[in-house]
Amino acid sequence: MVVTAPVLAVDGLSVDYITDRGAVRAVDGVSLEVAKGEFLGIVGESGCGKSTLLFAIARLLSPPAEIAAGSVRFRGRDMVAMDEDELRHVRWRDYSVVMQSAMNALNPVMTIGAQLKDAIEAHEPASSQKIRERSEHVMRLVGIDPIHLASYPHQLSGGMRQRAMIAMALVFSPELVIMDEPTSALDVVAQRSLMLQIKELQRRIGFAAVFVTHDMSLVSHFSDRLAVMYAGQIVEVGATRSVFEDPKHPYTKGLMQSFPSISGPKERLVGIAGSPPDLLQPPAGCRFHPRCPSVMPRCRTEEPPFYEEPADLVRCHLYDR
Amino acid sequence: MSYIARRLEFFVITVWAALTINFILPRIMPGNPGQAMLVRFHGRVSPQTIKALEVAFGINNNESIFQQYFEYLGNTLRGDFGTSLTFFPAPVGDIVKQGLPWTLGLVGMATIIAFALGTLIGMLSAWRRGGFLDAILPPAFIVISAFPYFWLGLLVLLVFAITLGWFPLGFAYDLSSSINLSWDFAGQVAWHGFLPALTIVITSIGGWILTMRNTMITTLAEDYVKMARAKGLSPVRIMFMYAGRNAILPNLTGFAMSLGFVISGAILVEIVFNYPGVGFTLLQAVHSEDFALMQTLFLLITIAVLVAVLAADFLTAWLDPRTREQA
Amino acid sequence: MAIRILTDQAPVQTPMVSKRSGIAGTLASALLSNRKALAGAAVLAAFTLIAIFAPVISPYDPHALQFEPILGPSRAHLLGTTGNGQDIFSQLMWSTRESLLLAVVAGIMATVIAVVVGVSAAYLGGLWDHVLNLVTDVFLVIPTLPLMIVVAAYAASGGVAVLIAVIVITGWSYGARQLRSQALSLRNREFLEAARVRGERSLYIILFEVLPNMTSLIVAIFLGAALYAVLAAAGLQFIGLGDTNALSWGTMLYWAQANGALLAGSPLWVLAPGICIALLGAAFALLNYAFDEIANPALRPVRRKRWS
Amino acid sequence: SSNNNGNQPAIGGTLTIDNESGALWQCDFNPYNGSVNGQSFGVLYEPLVYDNLLNDKKTNWLASDYTWSSDSKTLTFTIRSGVKWTDGQPFSADDVVFSFNLIKQHSELDLQSVWQVLDSVTKDSSGKVVMTFKQSAVPNFYQIAGQTAIVPQHIWSAFKDPVSQVVKDPVGTGPFTMSQCTGQNITFTRNPNYWQTGLPRLQTVTYPAFLDNDPANAFLATGQAQWGGQFIPNIDTYYVARDPQNNKYWFPPINNINIWFNTTIAPFNNKAVRQAIAYSIDRDSVSKKGEYGYEPPGNQTGVLSPTFDSWIDKAQADKYGYKFDPTKAAALLQQAGYTKGSSGIYQDASGKKLSFTIIDIAGYTDWVASVQVIQDNLKQVGIELKAQNLESNAYFDKLFTGNFQLAYGSLDTSPGPTPYYELRNTLHSGTTAPIGQTAAGDYGRYKNPAVDTLFDQFGATTDSAKQHDLIKQVEAIMLEDVPVIPVTEGVAWYQYSTKDFAGWPTPADPYAAPAPWNLPDWEVTLLHVYKKS
Amino acid sequence: MNADSAPLLETAGLTKHFRLGGYLSNRILHAVDDVDLAIGEQEIVALVGESGSGKSTIARLIARVYRPTGGEIYFRGRPLSAMRSRSEQLAYRGRVPMIFQDPYGSLSPVYRVSHGVLRALKLHRPALSKAARDEVAAQLFESVGLTPGSDFLDKYPYQLSGGQRQRVGFAQALASNTELILADEPVSMLDVSVRIGLLNLMATLRREMRVSFLYITHDIASARYVADRLIVMYAGHIAESGPTEDVLAHPKHPYTQLLLSAVPDPRAPISLPATSSVAEPPRVVDPGEGCRFRQRCPYAIEECALVTPRLRLLRPAHTAACHVATSDIGVPAKEQAATSR
Ligand SMILES: Nc1ncnc2c1ncn2[C@@H]1O[C@H](COP(=O)(O)OP(=O)(O)OP(=O)(O)O)[C@@H](O)[C@H]1O
Ligand SMILES: Nc1ncnc2c1ncn2[C@@H]1O[C@H](COP(=O)(O)OP(=O)(O)OP(=O)(O)O)[C@@H](O)[C@H]1O
Ligand SMILES: [Mg+2]
Ligand SMILES: [Mg+2]
């Protein structure tokens, strides 16, 4: 499916949280590939490990989380094997991160400009003139008056803060931008407008994006490919349209049955019975089996591999043909 | 700027409260300064003389309590602190001028050292969470912080001054010197101040360490620290500029407020080390019911702490744009 | 004097409540699983036992001037005798009573005032909050020892009660401030609003909804106040403000110091009560430290470290 | 005795005085200010006559001679010539007249209340200073000639308000000048033009301010100071043992520490009870256990021994034989109608127990311990005593106003060079005041016209034999009436090191009261002490 | 709304202002201004609008957590301000309980989950014995889908999942003599898969327990899913109000239109319009006269800055507060705009 060499190749990545009661495997054997310029959406419910996966890819986990297995190859180099010092040079210049809430992710006591400057200076010595120009450029790129380089985060509105974060992420034209629910702190109108802008910048600049959200409908219009996560695992990956139009995995199907729409016929939705599993003691076999409407005996014992379907990959024994 | 206005209000009210406590306390307590004087002079003065002095001091005059209060407020605001009974006729101001700088100097130096060191240790142990430093220093200093100041002072004095003779037994500088601005004199002051300061530092540092460590841990979990790592900043820069600086901010005012506690401890330390600060003078004033002296010392110590608090507030406001604009 | 630093960051803790044992059980089990807390609790328990059984286990009448003065340590007098010929070891055991009592009573009283002021400030809000908060800050900033000296000196004949009063007056504000900021962050928690909407009276809400959620902070404040009381009382007694005839470690130090014990050949007379004060103080400090960790899970020790 | 040996030691040396002052120095050298005169009276300003506190030996000082008129109402001083103020101005009779009239005008400065008895001080045509008295007041010679400093008129007349004048740069006639003063130390330097030629032999005297006993004691023990006036607990281990060759002490008694009876209330208005209590106290034990043996046991005559041994009527004292004697005490109590109750405590016919409260000062650790011993003693006899250890202000408040049953403590006025001074203040009804008002002496409100007369007669005579006789009559009253019980004798604390300095006062040569705080005796000591070569 | 039945609850000119910045400041935040709304028996009314538009404030006003600055609330025709005695107030509280947004914050972590239900029973149905209360509580738990109820009574909140906790919230609301439940974003913090279950529960309760809901949300799709009527708020004012389907199909207020266009709908074909207006919600501090949406409104006219628009009936049972919106009944909009000048 992947035509060119992928920018990012995640293989068998597992992450554990070491807790008092044992290790919680929050990400379990995830494999992914992101091609150049591709926009990959990752959706899944709260607590299924999306953020953990992202931070593992960006190598930003801190104790008690640790990468237990697998590799993350970014432009051919294994990031898991790198130490902090090596990582420092790759970071931001080659891939950058946009976090969920800019309110928390921007240092509240430094101006936006100073934080941009910090990022630039960490990677290449530049005159303050150069830095100014670069900063103003990216600010304009995301549609903020460069005057706000002198503003502190709290002086900006929520939407502007998110934009400023995106500006910061684009300061080196990275090949990959990792985004963890960058719009979920905003209300629908602002969310919509920011998404549009991200999409447009992605088209213009051509970076690949990994975009995480729990809002199915949000990614539906923006991502090229979609991965659905459940309990630390990816259960289905495929082209966005095809996942939406023809969900394969029973969980994905359930999700599609869970959100009402503002248009179309009004029908009764059922959602998915039961609640997500405790990752400390995940169910044996397929992790979804306790909630699955089409559960089969083998699901209880045998963990399904990825089965290849025409438009996507799905992790469900139903497709074992 | 309403933040600053609020802090100024606090300053004024605290000063007023200190003034009022000052005024009320001696007055609701039993005893009589004339007798206290008799006691203090221990036979060097005849009762007739005391009577004459009482008149000179204006003790036992017949003004109403409110008159006295407003007169007192007025005098204090004018900088007229009255005359000391114990050290008559020395104006209270002179007596205080003699001791207060030493107390503030000692406490100031010790606090700055303890603060700087404690903050650094707290920062490092949070940064290297679970590491060697983190496992040893915070608990150790917490235990030490439970040692009584004066008791530790006694031991330190016994070991380093009396037994080993490395440090002087007391005083702020060599007996034969007079106060002057020379390196030699500064050296004497440092040498004489070392043990008392050491006592204050090691017993107070635990608090700074713990507080800094705890806020630092909270700060390290903040997204902006993660973000700073993601940006590829150097660890030192992250530790100081992102985590450390932000972690100190909420503590600055608290640090300054704790000065009241430190000064309290320092007073005991002064007594142990025969340090010429205000500690003993205060005790003396209380024993001789020297209202004027007692009130002035108490007031000035309070103001000193308040000024520190205010300075910390301004510093916080300067370093933290959010406080400046808080509604 | 204990140093305490104030921060407004009193995180709203997640009061962990274990299966069926309720708050008390949870606190107990949390304590047992923390090494620092365990050490502190053990010391405290030991002192409590000594205090209770002092009449039984102390070898002599602590007041009686029945021996030769300034005896060195021996089998008969484990720590020697005082300048007036009293048995130091017996005095030490009996002194545990007053020192411990003072710490606990003053600690509890200061905590109660802190709770009342802190919680009312947060709960009443508005002008009340402003005023109470100001009062708290004033009491915080005013240097305590001078105030204590002044009060204690005038009321020295009042004995323990006055000492406790002085310590409580000067010691409540620290906790009040912490409690206020925690109560403030609790104030808008939805379960309180739920109680209000349900029709509960304010008093019920404060007593049964707000306070139980601050248990571990309240315990921590009590421990801090007790530590403060131990040290403050020792300081005051050491400079002779207090009933010098009563038996407590601070008073023992006072007498030892008055007799120049350190230099005059009976250092144990100074060391023993000092160590007891330090131990009791350390017990409270360690428990307090542990409660910080219980109240704020983020502070708990981490098991493994990876990134530097 | 101005010590003019032939082989004079060289001039030099720095002597450090070690005396807890309890406060930092105020650099104020006003000899008329009770709170600071300890740093100036003597070494800077001198009296007319030096009157030794320990033995009443008088040495002419700024006066070269004096005579009493026959009616003891006029005292004439011949002023020494050739004396110079330290600023070079000559000292004269005018300075003396000025000084006395200064403290007359400003009674706040009249620390010894000399103008209570003085009528006038003038210079006569021959240049002598003539003092006339309102009444005959021979004992007041001590205060007038021995305790009043003479200040230079040419400087002091310029002071607008001498009461509140801070004297920063003192000019006196004394053997030293003040060369430097800081809060923590005063340095005195030899006055080369001192009128006693060749004296002093010390070049410098430093006087550090000690806030508390402990640092002061440590200073002394480590040899950093040579002359102490300190209470040092366990002094043999603490001080002497550190240098047994050189570290010495001598504690001459200077006043009595009494049990005061409130004689206005029952049963202390009953002589038998007072006597019984006096027989119930083991003074030796109090001295040993309560006072470390430093303060010798007192005796019921009220005359200090050995200081004033020549005044004691031994025979009379032996007749009473006040010592710990429970049998005698019991007998006295039974005679007075008391019976022993079931609790072992005596009670009167109405069943009221002999159970009293005694007040003392909590801060005086030795007193508290002494009272504990007394409690123990009385309990053996069958009298219950409860101790109330008060903070000093509260204590003195009760003591002065007579608001107590029993009080432990000493007279709070200065002692004098004969037993007269202390006994008069203890017993003379003129010094007391009604209950509730502040008394200057006689805190027990003892009233005995006979004893008052004896003291008044003493004041009118300069005849030593008659004075001795009068005091013996007072002793008889002390022994029979027991108005107070002298339990121990307060001493002048005095430590000295002979390592580098010699010439110290000793029991063998008590040329001056030896503590640095004995004024103006410390001047005399500093004139005798010299640096060993 | 049924014209012939008096509404269950009605507000008239409801206004709530907050003083900002302590007791000395005089800056006033207009959280809710002049709101008229009505909720009928057994009706679900959805209140939508962006963050800070005053939705929760309305709920709190109705729940008597806040006192209104102005206006009145009528419950069954009786003004709330007339209820003075504690028993009367308690009775009202029993009839109009509230459900909160945060399933984590709305249960006290130190009590078992049954605490709130039992307290509510004790307060509002004092006749019940303790055993009876336990029994009723178990029944209530079952009625919201926590089966078996008796098992859940003894659990602590941390032992339940978010959806289960929110069900406990529903059980608490039903414990009294409930007639109207104020549900302030009751599902917004839950996962999609759980959310729909609770929305269904609301519908069931309305049907079976005959209660009404004021359903506050900013998820228009879920409002459409459960609500009969939709009220759109903007900056403290009601912007538009009408039957849900009608409002969605014929949005009259430009804000409603903007809102609808922003809601992503995966089932609709992709249409990416040009970047739309991103201005932030207005600070409603001392707002003054005029339409509060005018700065963001593409159709704003001069009048919008001068006159605060009032709600106008533009379609049957469908009102909007806009000077420019066209009416679909009677007078053509243009004429109406002209006449209103
Ligand atoms: N510090 C931690 N200790 C233990 N477990 C943790 C920790 N942090 C996260 N987890 C667990 O890891 C799992 C994945 O968490 P993660 O934050 O990656 O989820 P998420 O999919 O991003 O959820 P959300 O949509 O709420 O952001 C969760 O089940 C959580 O319970
Ligand atoms: N107690 C209060 N004190 C001061 N201002 C308040 C208070 N409660 C609410 N506000 C302000 O009133 C306005 C309306 O708030 P409200 O909570 O009603 O909005 P909302 O529509 O519920 O928003 P959200 O969707 O974020 O819950 C906001 O600007 C808010 O800041
Ligand atoms: Mg996440
Ligand atoms: Mg809301």
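Residue numbers begin at 1 in each chain, while the letters A, B, ... track the order of the sequences. Basis for what follows: all heavy atoms, side chains included, without hydrogens, waters or symmetry-related copies. Just so it is clear, the model here is predicted, and its values are computed rather than measured.
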Interatomic distance, B/Arg128 atom CZ to B/Leu124 atom CG [nearest 0.5 angstrom]: 8.0 Å
Interface moiety of B/Ile271 toward chain C, non-hydrogen atoms closer than 4.5 Å: side chain
Greatest number of heavy atom pairs closer than 4.5 Å to chain C - which of B/Leu152, B/Ile13, B/Ile144, B/Leu306: B/Ile13
CG on C/Leu179 to CG on C/Leu217, rounded to 0.5 Å: 5.0 Å
Largest heavy-atom contact set with chain B, pairs under 4.5 Å, which of C/Ala282, C/Ala278, C/Gly281: C/Ala278
Portion of B/Phe150 that has a non-hydrogen atom of chain C nearer than 4.5 angstrom: side chain
Segment of C/Leu271 engaging chain B (4.5 angstrom heavy-atom cut-off): both
Engaged part of B/Val272 at the chain C interface, taking heavy atoms whose separation is under 4.5 Å: side chain
Separation between CD1 of B/Ile121 and CG of B/Asp134, rounded to the nearest 0.5 Å: 11.5 Å
Centroid-centroid under 6.0 Å between C/Phe47 and C/Trp249 rings: yes
Heavy-atom contact with chain B under 4.5 Å, split by part of C/Val230: neither
Chain B contact via C/Ile277 - side chain, backbone, both or neither, heavy atoms under 4.5 Å: both
Check: C/Phe238 main-chain N/O paired with C/Gln257 side-chain donor or acceptor under 3.5 Å: no
side-chain hydrogen bond (donor to acceptor under 3.5 Å, both in side chains) between C/Ser248 and C/Thr251, intermediate numbers included: CA-CA 5 Å; C/Ser248 68; C/Thr251 325; 2.6 Å; yes
Between OG on residue C/Ser99 and CG on residue C/Leu92, distance to nearest 0.5 Å: 9.0 Å
Chain C contact via B/Leu158 - side chain, backbone, both or neither, heavy atoms under 4.5 Å: side chain
Top of C/Leu134, C/Leu279, C/Leu253 for chain B proximity - count of heavy-atom pairs under 4.5 angstrom: C/Leu134
Portion of C/Ile275 that has a non-hydrogen atom of chain B nearer than 4.5 angstrom: both
Separation between CG of B/Leu117 and CE of B/Met212, rounded to the nearest 0.5 Å: 13.0 Å
